[in-house]
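Residue numbers start from 1 in every chain, and the chains themselves are labelled A, B, ... in the order their sequence lines are given, proteins ahead of strands. Side chains are part of it too, since the values below use all heavy atoms of this structure and drop only hydrogens, waters and symmetry mates.
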Amino acid sequence: GAVVSQHPSWVICKSGTSVKIECRSLDFQATTMFWYRQFPKQSLMLMATSNEGSKATYEQGVEKDKFLINHASLTLSTLTVTSAHPEDSSFYICSARETHEQFFGPGTRLTVL
Amino acid sequence: DAKTTQPTSMDCAEGRAANLPCNHSTISGNEYVYWYRQIHSQGPQYIIHGLKNNETNEMASLIITEDRKSSTLILPHATLRDTAVYYCIVRVSGLDTGRRALTFGSGTRLQVQP
(Lines give C-alpha, C1' and ligand atoms only; values in the text may rest on other atoms or scores of the structure.)
Protein backbone atom coordinates (compact mmCIF):
# COMPACT_ATOMS: atom_id res chain seq x y z
CA GLY A 1 0.00 0.00 0.00
CA ALA A 2 0.86 3.66 -0.19
CA VAL A 3 3.30 5.04 2.38
CA VAL A 4 2.82 8.14 4.49
CA SER A 5 5.60 9.49 6.69
CA GLN A 6 5.59 12.00 9.53
CA HIS A 7 8.37 14.01 11.02
CA PRO A 8 9.28 14.24 13.79
CA SER A 9 8.05 11.04 15.43
CA TRP A 10 8.17 12.75 18.80
CA VAL A 11 8.87 16.22 20.09
CA ILE A 12 9.13 17.85 23.49
CA CYS A 13 8.81 21.60 23.70
CA LYS A 14 8.36 24.36 26.24
CA SER A 15 5.04 26.03 26.77
CA GLY A 16 4.57 29.01 24.47
CA THR A 17 6.72 27.75 21.63
CA SER A 18 5.53 26.61 18.21
CA VAL A 19 5.99 23.16 16.78
CA LYS A 20 5.78 22.11 13.14
CA ILE A 21 4.85 18.56 12.12
CA GLU A 22 5.38 17.38 8.54
CA CYS A 23 3.32 14.79 6.73
CA ARG A 24 4.54 13.38 3.42
CA SER A 25 3.07 10.95 0.94
CA LEU A 26 6.14 9.08 -0.27
CA ASP A 27 5.00 7.22 -3.36
CA PHE A 28 1.82 8.95 -4.43
CA GLN A 29 0.33 12.38 -4.80
CA ALA A 30 -2.25 13.36 -2.25
CA THR A 31 -4.68 16.11 -3.11
CA THR A 32 -6.31 15.67 0.28
CA MET A 33 -4.66 15.12 3.64
CA PHE A 34 -6.30 14.82 7.03
CA TRP A 35 -5.02 15.66 10.49
CA TYR A 36 -6.18 13.77 13.56
CA ARG A 37 -5.45 14.11 17.25
CA GLN A 38 -5.57 11.31 19.79
CA PHE A 39 -5.49 11.73 23.56
CA PRO A 40 -4.52 8.80 25.80
CA LYS A 41 -7.03 5.94 25.80
CA GLN A 42 -9.27 7.80 23.35
CA SER A 43 -10.04 7.32 19.69
CA LEU A 44 -8.77 9.43 16.82
CA MET A 45 -10.51 12.76 16.44
CA LEU A 46 -10.43 14.58 13.12
CA MET A 47 -9.00 18.08 13.42
CA ALA A 48 -8.96 19.30 9.85
CA THR A 49 -9.06 18.41 6.19
CA SER A 50 -6.36 19.88 4.00
CA ASN A 51 -6.66 20.22 0.23
CA GLU A 52 -3.61 21.07 -1.84
CA GLY A 53 -3.52 24.70 -2.80
CA SER A 54 -6.48 25.79 -0.71
CA LYS A 55 -7.32 26.62 2.89
CA ALA A 56 -7.89 23.80 5.32
CA THR A 57 -11.32 22.98 6.67
CA TYR A 58 -11.36 22.70 10.43
CA GLU A 59 -13.69 20.61 12.57
CA GLN A 60 -15.87 22.31 15.11
CA GLY A 61 -13.94 23.26 18.21
CA VAL A 62 -10.51 23.25 16.56
CA GLU A 63 -8.90 26.69 16.53
CA LYS A 64 -7.58 27.43 13.07
CA ASP A 65 -5.28 30.17 14.34
CA LYS A 66 -3.69 27.80 16.78
CA PHE A 67 -3.33 24.81 14.49
CA LEU A 68 -1.97 26.16 11.22
CA ILE A 69 -2.15 23.80 8.28
CA ASN A 70 -0.29 24.28 5.02
CA HIS A 71 -0.68 21.92 2.07
CA ALA A 72 1.58 23.57 -0.45
CA SER A 73 2.38 20.54 -2.58
CA LEU A 74 0.82 17.24 -3.54
CA THR A 75 3.17 15.34 -1.26
CA LEU A 76 3.53 17.57 1.79
CA SER A 77 1.23 18.97 4.43
CA THR A 78 2.38 20.63 7.62
CA LEU A 79 0.65 21.21 10.93
CA THR A 80 2.03 23.96 13.14
CA VAL A 81 0.91 24.09 16.74
CA THR A 82 1.37 27.72 17.70
CA SER A 83 2.00 28.86 21.25
CA ALA A 84 1.75 25.30 22.49
CA HIS A 85 0.44 24.61 25.98
CA PRO A 86 0.46 21.42 28.05
CA GLU A 87 -3.13 20.67 27.06
CA ASP A 88 -1.94 20.41 23.44
CA SER A 89 0.14 17.40 24.39
CA SER A 90 -1.24 14.59 22.27
CA PHE A 91 -0.57 12.11 19.50
CA TYR A 92 -1.01 13.79 16.11
CA ILE A 93 -1.66 11.57 13.11
CA CYS A 94 -1.89 12.58 9.48
CA SER A 95 -3.55 10.70 6.70
CA ALA A 96 -3.33 11.09 2.95
CA ARG A 97 -5.92 10.19 0.35
CA GLU A 98 -5.00 8.20 -2.74
CA THR A 99 -7.96 7.90 -5.11
CA HIS A 100 -10.64 6.80 -2.64
CA GLU A 101 -8.55 5.21 0.11
CA GLN A 102 -6.85 6.75 3.14
CA PHE A 103 -3.37 5.86 4.31
CA PHE A 104 -2.05 6.89 7.71
CA GLY A 105 1.24 8.17 8.93
CA PRO A 106 2.97 6.72 12.01
CA GLY A 107 2.02 9.66 14.20
CA THR A 108 3.87 12.35 16.12
CA ARG A 109 3.82 12.47 19.89
CA LEU A 110 3.90 16.03 21.16
CA THR A 111 4.72 16.74 24.79
CA VAL A 112 4.48 20.33 25.96
CA LEU A 113 6.19 21.08 29.25
CA ASP B 1 -21.87 6.76 7.45
CA ALA B 2 -23.70 4.02 9.33
CA LYS B 3 -23.05 3.63 13.06
CA THR B 4 -21.12 0.59 14.27
CA THR B 5 -21.07 -1.19 17.61
CA GLN B 6 -18.09 -3.20 18.82
CA PRO B 7 -17.21 -4.83 22.14
CA THR B 8 -14.87 -2.70 24.20
CA SER B 9 -12.27 -5.39 24.69
CA MET B 10 -11.46 -9.01 23.96
CA ASP B 11 -8.77 -11.48 24.87
CA CYS B 12 -7.38 -14.20 22.68
CA ALA B 13 -4.77 -16.89 23.23
CA GLU B 14 -1.70 -16.76 21.03
CA GLY B 15 -1.99 -19.13 18.08
CA ARG B 16 -5.78 -19.22 18.25
CA ALA B 17 -8.19 -17.48 15.94
CA ALA B 18 -9.37 -14.08 17.05
CA ASN B 19 -12.95 -13.31 16.04
CA LEU B 20 -13.89 -9.65 16.36
CA PRO B 21 -17.58 -8.83 15.88
CA CYS B 22 -19.13 -5.62 14.61
CA ASN B 23 -22.78 -4.65 14.42
CA HIS B 24 -23.92 -2.24 11.73
CA SER B 25 -27.65 -2.72 11.59
CA THR B 26 -28.32 0.58 9.76
CA ILE B 27 -25.89 -0.10 6.93
CA SER B 28 -27.02 1.04 3.48
CA GLY B 29 -26.78 -0.98 0.32
CA ASN B 30 -23.84 0.99 -1.04
CA GLU B 31 -21.82 1.08 2.17
CA TYR B 32 -18.73 -1.02 2.65
CA VAL B 33 -17.38 -2.47 5.88
CA TYR B 34 -13.79 -1.46 6.58
CA TRP B 35 -11.47 -2.71 9.28
CA TYR B 36 -8.43 -0.87 10.55
CA ARG B 37 -6.24 -1.53 13.53
CA GLN B 38 -4.01 0.66 15.64
CA ILE B 39 -1.08 -0.79 17.46
CA HIS B 40 -0.06 1.24 20.49
CA SER B 41 1.57 4.58 19.57
CA GLN B 42 1.30 3.96 15.82
CA GLY B 43 -0.99 5.21 13.09
CA PRO B 44 -3.98 3.13 12.00
CA GLN B 45 -3.31 0.31 9.57
CA TYR B 46 -5.75 -0.86 6.93
CA ILE B 47 -6.70 -4.51 7.26
CA ILE B 48 -9.53 -5.41 4.91
CA HIS B 49 -12.84 -4.24 3.53
CA GLY B 50 -15.88 -5.77 1.88
CA LEU B 51 -19.35 -5.06 0.55
CA LYS B 52 -21.33 -8.27 0.87
CA ASN B 53 -19.14 -11.19 -0.03
CA ASN B 54 -16.66 -12.65 2.40
CA GLU B 55 -13.15 -11.42 1.84
CA THR B 56 -9.73 -12.79 2.69
CA ASN B 57 -6.24 -11.39 2.42
CA GLU B 58 -2.87 -12.13 3.94
CA MET B 59 -3.81 -10.46 7.19
CA ALA B 60 -7.37 -11.52 7.91
CA SER B 61 -10.76 -12.71 6.76
CA LEU B 62 -13.95 -10.71 6.80
CA ILE B 63 -17.26 -12.47 7.17
CA ILE B 64 -20.36 -10.38 6.44
CA THR B 65 -23.79 -11.77 7.30
CA GLU B 66 -26.29 -12.18 4.52
CA ASP B 67 -28.42 -9.29 5.77
CA ARG B 68 -25.20 -7.23 6.13
CA LYS B 69 -26.19 -6.06 9.57
CA SER B 70 -23.10 -7.48 11.19
CA SER B 71 -19.64 -8.73 10.34
CA THR B 72 -16.73 -10.54 11.92
CA LEU B 73 -13.05 -9.95 11.41
CA ILE B 74 -11.05 -13.13 11.81
CA LEU B 75 -7.35 -13.24 12.53
CA PRO B 76 -6.71 -16.95 11.91
CA HIS B 77 -3.63 -17.40 14.09
CA ALA B 78 -3.26 -14.50 16.45
CA THR B 79 0.22 -13.49 17.58
CA LEU B 80 1.35 -11.11 20.28
CA ARG B 81 1.96 -8.51 17.57
CA ASP B 82 -1.76 -8.52 16.80
CA THR B 83 -2.47 -6.86 20.14
CA ALA B 84 -4.11 -3.59 19.08
CA VAL B 85 -7.33 -1.62 18.91
CA TYR B 86 -9.46 -2.79 15.99
CA TYR B 87 -11.86 -0.38 14.35
CA CYS B 88 -14.86 -1.37 12.25
CA ILE B 89 -15.96 1.49 9.97
CA VAL B 90 -18.86 1.57 7.57
CA ARG B 91 -18.83 3.99 4.68
CA VAL B 92 -19.52 4.40 1.01
CA SER B 93 -16.45 3.79 -1.10
CA GLY B 94 -15.81 6.13 -3.96
CA LEU B 95 -13.95 9.16 -5.18
CA ASP B 96 -16.27 11.67 -3.57
CA THR B 97 -16.40 9.76 -0.31
CA GLY B 98 -12.64 9.54 -0.24
CA ARG B 99 -12.52 13.28 0.15
CA ARG B 100 -14.15 12.86 3.57
CA ALA B 101 -12.09 11.63 6.46
CA LEU B 102 -12.61 8.26 8.07
CA THR B 103 -14.50 8.51 11.35
CA PHE B 104 -13.27 6.30 14.15
CA GLY B 105 -15.39 4.95 16.97
CA SER B 106 -14.05 3.42 20.15
CA GLY B 107 -13.03 0.10 18.56
CA THR B 108 -12.22 -3.19 20.25
CA ARG B 109 -9.06 -3.53 22.26
CA LEU B 110 -7.72 -7.00 21.48
CA GLN B 111 -5.20 -8.42 23.90
CA VAL B 112 -3.42 -11.52 22.67
CA GLN B 113 -2.24 -13.55 25.61
CA PRO B 114 0.91 -15.73 25.51
Starting at OH of B:Y36, measure out to CD of A:Q102 and round the result to the nearest 0.5 Å.
6.0 Å
For chain B, which residues of residues 35-44 of chain A have at least one non-hydrogen atom nearer than 4.5 Å to it?
A:Y36, A:Q38, A:S43, A:L44
Do [X] and [Y] sit in the same hydrophobic cluster, where Ile, Leu, Val, Met, Phe, Trp and Tyr count as joined when their side-chain heavy atoms come under 4.5 Å apart?
| X | Y | value |
| --- | --- | --- |
| B:I47 | B:Y87 | no |
| B:I63 | B:Y86 | no |
| A:V81 | A:L76 | no |
| B:L102 | A:F91 | yes |
| A:Y92 | B:F104 | no |

With a sphere of 6.0 Å drawn around CE of B:M59, does it hold more than 12 non-hydrogen atoms of other residues, nucleotides or ligands?
yes
Heavy-atom distances under 4.5 Å only: say whether B:Q45 touches chain A with side chain, backbone, both or neither.
neither
Among B:G43, B:P44, B:S41, single out the residue with the greatest number of heavy-atom pairs under 4.5 Å to chain A.
B:P44
Largest heavy-atom contact set with chain B, pairs under 4.5 Å, which of A:G107, A:G105, A:P106:
A:P106
